[in-house]
Amino acid sequence: MTKSIYDQLNAYGTVAKQRLVETFSGDDVDYNRWGASAGDFGFSMADEIDGGVLLKWYNSSPVAGKEGILCTSDGSSGNKRQFSPTNFVWIANCKWTGTRTQGVSRFGIKRDKGLGFNGGGVAGATLGSDNAKISAYTTNETGGQISVVASTIDVDNVYHNYKGARSGSAYTLLIDGVTSVTETNGYLPINASQPFLYCYNNDTTHHSLNCNYFEVYNT
Amino acid sequence: MAYKQHFIEWFSGKSLPSYWDTEVSGTYTMMDEVDGGLKVTCANSGNANGRIHFGDKRQFDLTSSKFNSVAKKVDLDGSRTFYIGLSHHNVIGVDANENYGFHYHAPNVSVYLNARSGNVAGSTTNTSTGITMDTNFHALSAESTGTNTLHYVDGVLKVTNTATLPTGNGQPSFVTGQNNSGQTGSAQVRFYEAYNT
């Protein structure tokens, strides 16, 4: 087998499109790549096997209404949106820890670095208070319309492999390799996007999101 | 077989990773555009250049290695140069430098993208790939075998160089520069991979 990663990922002679691969290993988040653009959650590398990065309110007394987002932008560098809203794949290994009353975590790709989701142009997944089931979460960018389409899989507290893919008008969410959700409302992004991980606290107890792999590429 | 040095860079995210060194007179911007990667721009002064490299940490064997890249020149006029490859020195990777890769030197020199190899004595061979330089992204790959350098554009072997071959060790290098003041020049790269064979 060829040693070339390029040749393994691309048909011979193809001009490869943008790709991001993040394994969230090491002593800190790579803030050359990632930016904590808004909000007040803590982002730290987990000291646990397969822990990856941990998004969690960073002190002992969580505060309701607090939220945070990790994306490829920050306040000083502006948005860095290198991924197509219509022809993309994102893959994430994530574990949500908590109960539905505690909050919500979302991840995938998103147009803007801000915390807002209404009209934010999102194609992702949601775990927590949005729905009792693992769900696809998408929004359009003109009317601020949100679509939450549930799978048949209960939200739980173990790692799953999530894969969001869009080609043209269809957005699908695969959970552990199985096509689980197809977005049906047509509320989909239309502008260039960036990867994101997000948490929101509903109450004053801890919930959290671990992610140990995140990949995005244009197709 | 023991694993050999292998480097891969996607040029995705907020900013250029810290393991790259940069020429201070250039600017280096992760692009806010689909498939944009990193944009390198040289300063507006005589012989300025923008370049990224490993600060003379040379982990690749210039007699037995390969690199793959996806890059483009943003502007073609004037005297604006472009280089991508593996080079011994972190300086522009153009002259008096062991290296192999691709080079373009603006239409006042040649309209073609050249395959380039340079040896330790400072001699350089430029051979036209036959590809007229444009402003589109291309897959630019080259391999050094010790007896030649093989240069591929978009998967097609365009040039086999057998003269002025490099013999030392090298580092990834991506350069955009200019020879005249009053100009700036830019180039973008969204993928770079290098490994010893």
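Scope of the values below: all heavy atoms of this structure, side chains included, with no hydrogens, waters or symmetry mates. Convention: sequence-line order gives letters A, B, ...; per-chain numbering from 1.
- When heavy atoms are compared at a cutoff of 4.5 Å, A:V216 does not approach chain B at all.
- How far CD of A:Q82 is from CG of B:D32: 8.0 Å, rounded to the nearest 0.5 Å.
- Only the backbone of B:L16 comes within contact range of chain A, judged by heavy atoms closer than 4.5 Å.
- Between B:D35 and A:K17 there is no salt bridge, since no side-chain nitrogen of the basic residue lies less than 4.0 Å from a carboxylate oxygen of the acidic one.
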message: Test side chain to side chain contact (heavy atoms under 4.5 Å, CB included) on A:F83 and B:S12; report intermediate values, then the result.
response: CA-CA 9 Å; A:F83 295 99; B:S12 295; 4.1 Å; yes
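- Taking CD1 from A:I5 and CZ from B:F191, the interatomic distance works out to 7.5 Å, rounded to the nearest 0.5 Å.
- Annotation: maximal heavy-atom pairing with chain B below 4.5 Å, among A:V21, A:N191, A:N10, occurs at A:V21.
- Your options are A:S84, A:P195, A:A192, and the one with the most heavy-atom pairs under 4.5 Å with chain B is A:S84.
- Note that OG1 of A:T2 and OH of B:Y195 are 4.5 Å apart. Values are rounded to the nearest 0.5 Å.
- Here A:R81 contributes atom CZ and B:M30 contributes atom CE; the two are 14.0 Å apart, rounded to the nearest 0.5 Å.
- Of all heavy-atom pairs between A:T14 and B:A139, the closest is O-CB, 3.8 Å.
- Counting heavy atoms from C-beta outward, A:D7 and B:E193 have side chains that stay 4.5 Å or more apart.
- For the set B:S18, B:G36, B:G37, the entry with the most heavy-atom pairs within less than 4.5 Å of chain A is B:G37.
- At least one donor-acceptor pair closer than 3.5 Å links the side chain of B:R190 to the backbone N or O of A:A16.
- With hydrogens and angles disregarded, no donor-acceptor distance shorter than 3.5 Å links the side chain of A:Y6 to the backbone of B:S69.
- In terms of heavy-atom proximity, A:K80 sits nearest to B:K14 at CE-O, 3.7 Å.
- With a threshold of 4.5 angstrom between heavy atoms, A:N79 approaches chain B through its backbone and through its side chain.
- Atom CZ of residue B:F11 and atom CG of residue A:L20 lie 13.0 Å apart, to the nearest 0.5 angstrom.
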